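Data first, discussion second: the structure below is written as structure tokens.
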Amino acid sequence: MTDLVQPDRLAKAQAMRAAGVDPFPARGVEATPIASIAAHAGDSANPGAMVGQRVTIAGRLAMPRDFGKLIFAPLSDRTGRIQVGLKRDALSEWWPQRKWLDAGDLVGVSGEVGFTQKGELTVWASEVQLLAKALASPPEKWHGLVDVEARYRRRYVDLWATEGVLETFVKRSKIVSSVRRFLEAQGYLEVETPTLHPIFGGATARPFVTHHNALDADFYLRIAPELYLKRLIVGGMERVFEIARNFRNEGISTRHNPEFSMLELYEAQADYRRMMEISEQMLESIAREVNGTTKVTFRGVEYDLKAPFARVSYTQLFREQNGCEFDDQPAVRKRAKELGLDESAGYWKLMNDVFEATCEKLLTGPVFCVDYPVPICPLAKKKPEDPRLAERFELFLGGMELGNAFTELNDPQDQEQRFVEQVATKDPEAPGEVDVDYVQALEYGMPPTGGLGIGIDRLVMVLTGKDSIRDVLLFPALRPQRNVVEGEATEPA
RNA sequence: GGGCGCAUAGCUCAGUCGGUAGAGCAGCUGGCUUUUAACCAGCGGGUCGUAGGUUCGAGUCCUACUGCGCUCACCA
């Protein structure tokens with residue numbers, strides 16, 4: 001046990017055992033969801049069908065108010081909260097056991113649905129059953145958990161002790177389910193591809209490395225599922241999507257977690273224009289389903305997710321903000337110097353740094369920024385009418401990148417050449433070797449294909465109005481903490 | 001990785017000029033049959049994040065470390 005355990009609660013549990021009552025019984029109770037009781041209870045002036053019915057509810061007890069021969073306490077389950085009323089006269093046999101109850105305990109209560117004199121919906125208990133004793137006391141009753149670290153480390157407390165937290169994660173679940181419904185309605189197939197990759201690719205990011213003992217081989221945790229999903233397009237699956245957990249060994253911030261969820265989808269016979277349509281239609285549809293409106297407020301600004309979204313050209317925006325063409329190397333280098341950017345990297349990274357420094361903040365959105373220079377798009381097809389540019393877009397909202405898509409490069413020779421160039425950079429964020437198997441897949445022929453990636457966590461941030469990715473991840477990444485268990489040797493550091 | 005900030009009771013927070021460690025909630029005891037953060041009376045509860053330093057004396061000042069938050073950079 002840890003120092004969280006309250007001695008008086010432990011003493012109660014021991015007293016219960018001594019009296020033959022199990023503080024941690026093996027069986028639960030068959031309970032009615034609280035929300036379904038409240039939904040059919042009406043009010044004291046106009047009682048609904050539930051009033052007068054005997055029900056059983058189960059959940060966590062909070063804030064008991066003890067009047068000596070009468071106790072009121074709210075009881076919460078996953079669907080809602082309702083008051084229970086415990087009267088001595090209705091619980092004569094059980095009544096002495098009330099002293100074993102504490103705020104935070106998990107209990108089952110059976111009784112008649114009714115109201116109090118003040119009109120509060122109440123289950124008047126005729127039977128009370130402790131389902132699990134809380135040996136640790138719940139957080140302070142009206143502030144809840146406010147210490148941010150404690151909230152993230154002990155999400156299992158935060159979920160019921162902090163207002164709105166459960167609702168956020170219920171909504172996250174609905175968003176993911178809405179994504180699936182939207183895509184399945186369009187004939188998409190949900191697939192699962194490997195998380196352990198022998199070569200990392202599909203994005204530029206530092207990977208996590210792990211080792212398989214039996215194969216005696218290193219693997220990378222995937223930074224993107226992209227190259228496997230496109231192999232499935234070669235295989236004829238034609239419309240596939242995956243909601244993939246990706247891993248990137250990079251910084252942690254309010255917009256970044258080392259493991260995050262990305263929706264990637266690929267559609268044969270489509271191109272990036274179709275990906276724009278599907279993006280805006282999907283976002284509008286999800287917003288309507290989970291929020292009932294296309295209006296969202298993110299970081300204090302209201303946006304409308306109603307399709308169609310605006311389109312803005314990368315190179316045109318670059319020209320407007322910097323007074324030079326994106327491929328005018330002397331002019332762009334001069335501009336980078338003015339902006340005080342790090343010039344040690346290659347030209348194209350520098351050019352993109354100039355773009356991000358001068359243009360990205362203008363992309364409040366929702367807006368598609370389209371047609372990126374080819375050298376920063378190693379997996380995208382060139383535009384037929386301008387081979388300097390790739391058919392790629394990024395979707396922005398509130399200056400934050402929500403999605404990335406392109407018309408997929410399906411020319412194996414071109415792809416091999418771009419892989420070779422990537423490997424030659426020796427960049428730790430670029431693959432260390434050419435993915436020959438992927439090139440071979442393309443050699444069998446991949447139809448014209450559009451692909452799209454959308455950051456699920458960021459989408460949830462937008463649709464729930466949360467500023468930090470940690471507020472939409474149940475267990476955000478934190479530095480590991482050493483907890484000491486009683487009786488365990490504490491080793492010197 | 002850089003900058004700024006925070007760390008005191010189970011929880012939320014005070015702590016003045018460096019001079020005996022405080023409150024509310026939670027807990028315990030007693031009272032109370034209609035509360036909504038119930039109320040009334042009483043009681044218990046602390047390695048002030050860790051380690052050094054300055055000082056007669058440190059929760060308070062200084063240094064380092066640890067953890068967390070915000071922010072900048074990178075990334076989605």
Side-chain angles (χ1 to χ4, degrees), chain A residues 2-12 44 62-74 81-90 99 102-104 114-122 124 134-154 157 161-162 202-207 223-224 244 246-264 340-342 345 349 352-353 356-357 394-396 400-404 427-429 453-459 461 467-470 476 478-482 493:
Chain A
T2 73
D3 54 6
L4 222 54
V5 167
Q6 301 288 298
D8 44 276
R9 287 175 182 246
L10 195 58
K12 288 177 189 179
S44 54
M63 295 186 288
R65 298 180 281 275
D66 186 343
F67 290 82
K69 298 184 185 66
L70 168 71
I71 301 168
F72 288 116
R81 165 181 283 220
I82 196 169
Q83 175 165 272
V84 294
L86 314 180
K87 290 185 195 174
R88 186 191 63 177
D89 296 348
K99 294 285 182 191
D102 286 299
F115 294 95
T116 63
Q117 290 170 9
K118 296 262 171 69
E120 174 85 9
L121 182 62
T122 299
W124 293 105
L135 295 178
S137 63
E140 208 263 4
K141 65 182 172 191
W142 65 79
H143 292 99
L145 260 189
V146 295
D147 175 46
V148 184
E149 180 186 357
R151 288 191 45 221
Y152 297 149
R153 285 202 193 277
R154 296 216 252 268
V157 176
T162 309
T204 49
R206 287 170 198 259
I223 58 171
N246 292 341
F247 303 84
R248 299 189 183 175
N249 204 341
E250 287 167 349
I252 296 177
S253 80
T254 48
R255 273 151 298 209
H256 300 92
N257 197 65
E259 50 181 304
F260 66 101
S261 297
M262 179 125 95
L263 165 68
E264 284 206 10
L341 297 173
D342 174 17
K349 171 155 173 33
N352 199 40
D353 287 348
E356 284 174 6
E394 291 194 338
L395 169 59
F396 286 89
M400 179 170 78
E401 189 186 337
L402 263 187
N404 182 19
D427 186 335
E429 296 188 355
I454 288 185
I456 291 289
D457 313 288
R458 290 182 173 184
L459 177 62
M461 286 168 69
D467 289 351
S468 172
I469 197 168
R470 290 179 182 140
L478 297 172
R479 199 174 293 272
Q481 193 186 41
R482 215 186 124 71

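This structure is a prediction, so every number in the text was calculated from the model and none was measured. Just so we're on the same page: letters track the sequence lines, and every chain starts at 1.
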Nearest to side-chain heavy atoms of A:S468, which nucleotide of B:C70, B:C72, B:A76: B:C70

Nearest-nucleotide pick for A:R153, side chain only, options being B:A37, B:C68, B:A76: B:C68

Sugar-phosphate, base or nothing in reach of A:M262, heavy atoms under 4.0 Å: nothing

Please report the distance separating the [atom1] of [N] from the corresponding atom of [M], rounded so that it comes out in whole Å.
N	M	atom1	answer
B:C28	B:U20	C1'	26 Å
B:A64	B:C25	C1'	37 Å
B:G42	B:A58	C1'	35 Å
B:G67	B:C74	C1'	24 Å
B:U50	B:A7	C1'	11 Å
B:C11	B:G46	P	14 Å
B:G15	B:A9	C1'	14 Å
B:G49	B:G59	C1'	12 Å

Nucleic acid footprint by protein, nucleotides 29-34 of chain B - heavy-atom cut-off 4.0 Å, B for base, S for sugar-phosphate alone: ---BBB

Results of side chain to side chain contact (heavy atoms under 4.5 Å, CB included) for A:T122 - residues two or more places apart only: A:Q83, A:T116, A:E120, A:W124

All side chain to side chain contact (heavy atoms under 4.5 Å, CB included) counterparts of A:T204, not counting sequence neighbours: A:Q422, A:E429

Partners meeting side-chain hydrogen bond (donor to acceptor under 3.5 Å, both in side chains) with [X] (sequence neighbours left out):
X	result
A:R88	none
A:S137	none
A:N352	A:Y314, A:E356
A:K12	A:D102

Show the atom names and distances, to 0.1 Å, of all donor-acceptor pairs under 3.5 Å that link a side chain in residues 246-253 of chain A to residues at least two apart or in another chain.
| unit_1 | atom_1 | unit_2 | atom_2 | d |
| --- | --- | --- | --- | --- |
| A:R248 | NE | A:I223 | O | 3.1 |
| A:R248 | NH2 | A:I223 | O | 2.8 |
| A:E250 | OE2 | A:R206 | N | 3.2 |
| A:S253 | OG | A:R255 | N | 3.0 |
| A:S253 | OG | A:H256 | N | 3.3 |
| A:S253 | OG | A:H256 | ND1 | 2.7 |

Atom pair distance, as rounded to whole Å: CD in A:E429 and P in B:C74: 11 Å

Residue closer to the 5' end of RNA chain B, A:Q83 versus A:G455 (nearest nucleotide): A:Q83

What N/O pairs connect the protein and nucleotides 24-27 of chain B at under 3.5 Å? Give each pair on its own line.
| unit_1 | atom_1 | unit_2 | atom_2 | d |
| --- | --- | --- | --- | --- |
| B:G24 | N2 | A:E140 | OE2 | 3.3 |
| B:C25 | O3' | A:K141 | NZ | 3.1 |
| B:A26 | OP1 | A:K141 | NZ | 2.7 |
| B:G27 | O3' | A:D8 | OD2 | 3.3 |
| B:G27 | O2' | A:D8 | OD1 | 2.8 |
| B:G27 | O2' | A:D8 | OD2 | 3.1 |

N or O in side chain of A:R470 less than 4.0 angstrom from B:C70 OP1/OP2: yes

